[in-house]
Amino acid sequence: MQNVIPNLLTWYKNVHRKLPWRETSNPYYIWVSEVILQQTRVEQGREYYVKFVDKFPDVFSLARADVSEILKIWQGLGYYARARNMHFAAKQMVDLHQGNFPNDYFSIKNLRGIGDYTAAAIASFAFKQHYPAIDGNVKRVTARFYGVDLPISTPAFYKLVEKELFLAIKTTEPDIFNQAMIELGAMVCTPVNPKCEICPIQSECFAFKFDKTLELPNNPPKKKPIRKYLHFFYIEVEGHLVLQQRPSEGIWGGLNEFPCIESLGVDEIPENMMEYLGLENGSFEIVDNFEFKHLLTHQTIFAKLWHLKVNSNNNLTLKNWNLIKINDIRTFPLHKLMVKILDKLHL
DNA sequence: AACACGGGGGC
DNA sequence: GCCCCAGTGTT
């Protein structure tokens, strides 16, 4: 790699995208951007970054916020544990570092929600430390460049790539090198149809030389999404509705939704509905219902919405629920499936 | 080592 | 449809 590193860095300096978080060396802003960009495309995360640093401009403002405020900013971005973990990490920084951002790789990696990649990114971008930031882009570039055929998700692959990149980054500007590798993977060495003709490190690339860009990286096929059947209950009571907050663990952790029951099929009204909601015979009427499909990476959700009108909420037996004004519902952090329901209901 | 965890965009 | 994205934490 050593021979082509100058080409790589020159290429990056000439053609890289201008992005908001590239204008700063403030570790807090870099951290926010890196967490937002975990498993998230730049164009999807861009506006979220602007909103986030506007609302929470420093460690202290984030540490003293409520999780719900952070989730509201995070709404729609997915992987909501990231928001909760950032809140925890901000409090760690207040408690352990007087609110300062730790300035070495291992202290950074000890913060909640920061793993190998993010620690290396912050340590190199903000503090010029020589740690390779190994994300999906860099794994792909490296697998092709060195001809690493090990399955991309294995520890053996990671260790080999890490070893090579440590040798490479040692002798150069670590921040520019990491940015350049990531940018190369995002813009040139793409998963399909890589633009080898404009690649600055083509001359020493194994995959280009042996025409193996289609075979590398070695990425075993993924599992099919599981199917799930969810029933949501829009419970209307005298101009108000029932909103329930999900537990902090699991999917959509900490977000709000209509009370929900999972069933084995979507066609019938769930047998345990009245028991779950705490409704009695004759105390409610079903005024509407509709079905729709919602796609996630790991789940295909067949959802059904039941619109109920009840005369009183005296007997509701749910956990973590609130009776709220209909007009207030969009002020709560909501997941996308819930937003989809509200849109269909014109709420 | 395998899984859980969202949502979206490119082809 | 399928791929996979500036990954991390848990089991």
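Order of the sequence lines sets the chain letters (A, B, ...), proteins ahead of strands, with each chain counted from 1. Note that these values count all heavy atoms, side chains included, but never hydrogens, waters or copies made by symmetry. Given the structure is predicted, the values throughout are model-derived calculations rather than measurements.
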Which part of the nucleic acid, if any, lies within contact of A:Gly45, taking any heavy atom under 4.0 Å across all strands shown: a base, the sugar-phosphate backbone alone, or nothing? nothing

Looking only at side-chain N and O atoms, does A:Gln75 come under 4.0 Å of OP1 or OP2 in B:dG7? no

If we ignore angles and hydrogens, is there a donor and acceptor under 3.5 Å between the side chains of A:Asp104 and A:Ser107? yes

Nearest to the A:Pro155 side chain among C:dA6, B:dA1, B:dG6, which nucleotide is it? B:dA1

Over how many whole Å does the gap from A:Gln44 atom CD to C:dC3 atom P extend? 20 Å

With a 4.0 Å cut-off on heavy atoms, is A:Arg46 in touch with a base, just the backbone sugar-phosphate, or nothing at all? nothing

When we call it a touch if two heavy atoms are under 4.0 Å apart, what does A:Trp31 touch: a base, just sugar-phosphate, or nothing? nothing

Rounded to the nearest Å, what distance is computed from the CG atom of residue A:Asp135 to the P atom of nucleotide C:dA6? 7 Å

Will you find, in the side chains of A:Arg140 and A:Asn137, an N or O donor that is under 3.5 Å from an N or O acceptor? yes

Mind checking whether A:Phe258 and A:Tyr234 have parallel, tilted or perpendicular rings, split at 30° and 60°? parallel

Value in whole Å for how far the P atom of C:dT8 lies from CD1 of A:Ile36: 15 Å

Scan A:Asn219 against the nucleic acid and name what it touches under 4.0 Å (heavy atoms): base, sugar-phosphate only, or nothing. sugar-phosphate

Between A:Glu43 and A:Arg46, does at least one N-O distance fall below 4.0 Å, as a salt bridge requires? yes

Please check the phosphate of B:dG6 (OP1 and OP2 only) for any side-chain N or O of A:His294 closer than 4.0 Å. no

Tell me whether the OP1 or OP2 atom of C:dA6 has a side-chain N or O from A:Trp21 closer than 4.0 Å. no

I'd like the C1' distance from C:dG9 over to B:dG8, given in whole Å. 23 Å

Specify the separation, in whole Å, of atom CG of A:Leu296 and atom P of B:dC5. 10 Å

What's the NE2-P distance between A:His298 and C:dC3, to the nearest Å? 13 Å

With a non-hydrogen cut-off below 4.0 angstrom, is A:Leu19 in contact with a base, only sugar-phosphate, or nothing? base

Taking donor-acceptor contacts at under 3.5 Å, does the side chain of A:Thr297 reach the base of B:dG6? yes

A:Tyr79 or A:Ala156, whichever maps to the more 5' nucleotide of DNA chain B: A:Ala156

P-based separation of C:dA6 from B:dA4 [nearest Å]: 24 Å

Checking A:Ser61 against A:Asp58: is there a side-chain donor and acceptor pair closer than 3.5 Å? yes

Taking the six-membered ring where the residue is Trp, are the ring centres of A:Phe302 and A:Tyr229 under 6.0 Å apart? yes

Determine the contact category for A:Ile251: base if any of its heavy atoms lies under 4.0 Å from a base atom, sugar-phosphate if only primed atoms, P, OP1 or OP2 are that close, otherwise nothing. sugar-phosphate

With A:Lys209 as the cation and A:Phe206 as the aromatic partner, state whether NZ or CZ is under 6.0 Å from the six-membered ring centre and within 45° of the axis. no

Answer with base, sugar-phosphate or nothing: what part of the nucleic acid does A:Gly185 contact at a heavy-atom distance below 4.0 Å? nothing

Without decimals, in angstroms, what is the distance between A:Gln179 CD and C:dA6 P? 12 Å

Base, sugar-phosphate or nothing for A:Thr118? Non-hydrogen atoms, less than 4.0 Å. sugar-phosphate

What contact category does A:Ile114 fall into here, base, sugar-phosphate, or nothing, at under 4.0 angstrom with non-hydrogen atoms? sugar-phosphate

On DNA chain C, compare the nucleotides closest to A:Asn85 and A:Ala186; which residue's is nearer the 5' end? A:Ala186

Using the P atom as the point on both nucleotides, what is the distance between C:dT11 and B:dG6, in whole Å? 16 Å

Dot-bracket for DNA chain B, 5' to 3', with Watson-Crick and G-U pairs under 3.5 Å, [ ] for crossing pairs and | for other-strand pairs: what is it? |||||.|||||

In whole angstrom, give the distance that lies between atom CG of A:Leu77 and atom C1' of B:dC5. 13 Å

Could A:Lys344 and A:Phe292 be counted as a cation-pi pair, given that NZ or CZ must be under 6.0 Å from the ring centre and within 45° of the axis? yes

For C:dG7, does OP1 or OP2 lie under 4.0 Å from any side-chain N or O of A:Gln39? yes

Measure NZ/A:Lys223 against P/C:dC3 and give the value in whole Å, please. 15 Å

Donor-acceptor pair under 3.5 Å, A:Arg82 side chain vs B:dC5 base: no

For A:Asn193 and for A:Lys228, find the nucleotide of DNA chain B with the closest heavy atom, then tell me which residue's nucleotide is more 5'. A:Lys228

At less than 3.5 Å, do the side-chain atoms of A:Thr40 and the base atoms of B:dG6 form a donor-acceptor pair? yes

Where do A:Met338 and A:Leu243 land on the side chain to side chain contact (heavy atoms under 4.5 Å, CB included) test, with the steps shown first? CA-CA 11 Å; A:Met338 181 63 186; A:Leu243 193 64; 4.0 Å; yes

Is A:Lys139 near enough to C:dC5 that one of its side-chain N or O atoms lies under 4.0 angstrom from OP1 or OP2? no

Pairing of A:Arg22 and A:Asp175 as salt bridge, 4.0 angstrom limit: no

Would you classify A:Glu43 as touching base, sugar-phosphate or nothing, given that sugar-phosphate means primed atoms plus P, OP1 and OP2, and contacts are heavy atoms under 4.0 Å? nothing

